[in-house]
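Notes follow once the structure below has been shown.
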Amino acid sequence: MKRFLKQSLRLLLTPLRLASQRRNGVSAEGERKQLPNEALLGLVREMLSEGHTAVLTVKGYSMRPFLEHLRDKVRLEQPVSLSVGDAVLAKEQGGRYVLHRIVSIEGESLTLMGDGNVRGTERCLKADVCGVVTEYIRPRRTIKASDPSLRRRIRAWRRLLPIRRYLLTLYKATV
């Protein structure tokens, strides 16, 4: 029943999804050069530690609905202070890099979770954080991470964790 509902919603909402992709400038035609995460993000970490900023194209769906795969970009800076709700690029304990949001801080230990995840968290240390997101760059606008409206939406999204699965299903059907 769930699969039928998903497929039906996807079929009904395809015209809206295609119109949204055209409006936001997303296409499969543009060629991109891709580097392995370990190589690229190691360089990003080094540049951020020297005081530079970096702009990365988001790859993956774990930060939906705030960041969309290959459409949005983020500007990263070296972290000065970290707080719950910040989106950070960090090397988790498993050794891979993730761009997720801080959900709790306990001393030097951080718990991270993607906005598009309904369960499962990552753990890392504050020293493993490479950069903090300062701007969300969309095709037609840039939003500061400190924007009060965005911060309110992020707090509300975190409180919706029990029903996030259903909201994400609807979102995926329309995007």
Side-chain angles (χ1 to χ4, degrees), residues 1-28 32 34 37 41 56-76 82-94 96-106 109-124 128-129 131-175:
M1 180 65 177
K2 182 178 175 182
R3 183 190 296 168
F4 174 75
L5 181 61
K6 269 182 154 177
Q7 289 174 345
S8 300
L9 278 172
R10 187 168 270 310
L11 183 63
L12 289 172
L13 298 171
T14 296
L16 289 173
R17 185 175 65 249
L18 294 175
S20 172
Q21 288 174 350
R22 282 192 302 273
R23 188 173 51 249
N24 292 323
V26 175
S27 71
R32 298 173 183 268
Q34 294 187 13
N37 276 349
L41 298 177
L56 294 177
T57 301
V58 176
K59 187 175 167 186
Y61 301 96
S62 66
M63 288 299 285
R64 273 183 169 173
F66 294 101
L67 294 169
E68 192 59 45
H69 173 69
L70 296 179
R71 180 194 73 183
D72 297 334
K73 298 177 183 178
V74 292
R75 181 176 309 280
L76 297 166
L82 299 171
S83 61
V84 172
D86 287 345
V88 295
L89 176 67
K91 192 169 188 175
E92 66 163 343
Q93 288 179 343
R96 68 185 183 108
Y97 287 93
V98 293
L99 179 73
H100 282 173
R101 203 167 299 285
I102 299 174
V103 293
S104 72
I105 301 174
E106 298 159 8
S109 179
L110 303 175
T111 303
L112 309 174
M113 183 179 194
D115 294 331
N117 296 348
V118 293
R119 64 180 119 93
T121 58
E122 295 86 17
R123 302 205 39 96
C124 71
D128 295 328
V129 174
V132 64
V133 174
T134 57
E135 291 180 347
Y136 298 89
I137 304 167
R138 299 212 170 122
R140 292 201 169 98
R141 64 184 172 146
T142 299
I143 303 169
K144 296 266 188 211
S146 59
D147 180 50
S149 172
L150 176 65
R151 301 299 283 187
R152 279 192 301 274
R153 289 189 310 234
I154 290 168
R155 279 193 304 275
W157 185 250
R158 286 185 47 231
R159 285 192 297 265
L160 291 172
L161 182 59
I163 62 168
R164 193 183 284 184
R165 172 186 319 267
Y166 308 108
L167 296 172
L168 284 168
T169 300
L170 288 172
Y171 178 80
K172 288 174 191 175
T174 60
V175 174

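Computed from a prediction, not measured in an experiment: that's the story for all the values here.
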- What's the verdict on side chain to side chain contact (heavy atoms under 4.5 Å, CB included) for Leu99 and Leu67, showing C-alpha distance, side-chain angles and the deciding distance? CA-CA 10 Å; Leu99 179 73; Leu67 294 169; 4.0 Å; yes
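- Counting only heavy atoms from C-beta outward, the side chains of Glu106 and Arg123 approach each other to under 4.5 Å.
- Residues Arg158 and Val84 have side chains in contact (heavy-atom distance under 4.5 Å, counting atoms from C-beta outward).
- For the pair Leu76/Val132, no side-chain contact is recorded, criterion being any heavy-atom separation below 4.5 Å from C-beta on.
- Between Thr111 and Ile102, every side-chain heavy-atom pair lies at or beyond the 4.5 Å cut-off.
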- Take Ile137 and Val74 through the side chain to side chain contact (heavy atoms under 4.5 Å, CB included) test and state the conclusion after the steps. CA-CA 6 Å; Ile137 304 167; Val74 292; over 6 Å; no
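- A donor-acceptor contact shorter than 3.5 Å is absent between the side chain of Arg75 and the backbone of Val133.
- In terms of the salt bridge (Lys or Arg N to Asp or Glu O under 4.0 Å) criterion, Arg153 has no residue partners (sequence neighbours excluded).
- Screening Val103, Val129, Asn117, Val98 for a side chain to side chain contact (heavy atoms under 4.5 Å, CB included) with Leu112, the sole residue that qualifies is Val98.
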- Given side chain to side chain contact (heavy atoms under 4.5 Å, CB included), test His100 with Met63 step by step and report yes or no. CA-CA 7 Å; His100 282 173; Met63 288 299 285; 4.0 Å; yes
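- Under the rule for a salt bridge (Lys or Arg N to Asp or Glu O under 4.0 Å), the partners of Arg138 that lie at least two apart in sequence or sit in another chain are Asp72.
- The side chain to side chain donor-acceptor pair (under 3.5 Å) search around Ser83 returns Asp86, not counting sequence neighbours.
- In this view, Asp115 and Arg101 satisfy the salt bridge (Lys or Arg N to Asp or Glu O under 4.0 Å) rule, not counting sequence neighbours.
- The two residues Met113 and Gly120 come nearest to each other via the heavy atoms CG-O, 3.7 Å.
- Side-chain atoms of Ser146 and Arg151 form no donor-acceptor pair, as typed in the model, at a separation below 3.5 Å.
- Partners of Tyr61 by ring-ring contact (aromatic ring centres under 6.0 Å, His included), not counting sequence neighbours, listed by chain and number: His69.
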- Task: List the steps and the verdict of side chain to side chain contact (heavy atoms under 4.5 Å, CB included) for Leu150 and Tyr136.
- Result: CA-CA 10 Å; Leu150 176 65; Tyr136 298 89; 3.3 Å; yes
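- Between Leu168 and Pro65 the shortest heavy-atom distance is CD2-CD, 4.4 Å.
- In this structure, Thr174 contributes its side chain and Tyr171 its backbone to a donor-acceptor pair below 3.5 Å.
- Residues satisfying the side chain to side chain contact (heavy atoms under 4.5 Å, CB included) criterion with Tyr97, sequence neighbours excluded, are Leu41, Arg45, Leu89, Lys91, Cys130.
- A salt bridge is absent between Arg141 and Glu135: the closest approach of a Lys/Arg side-chain nitrogen to an acidic carboxylate oxygen does not fall below 4.0 angstrom.
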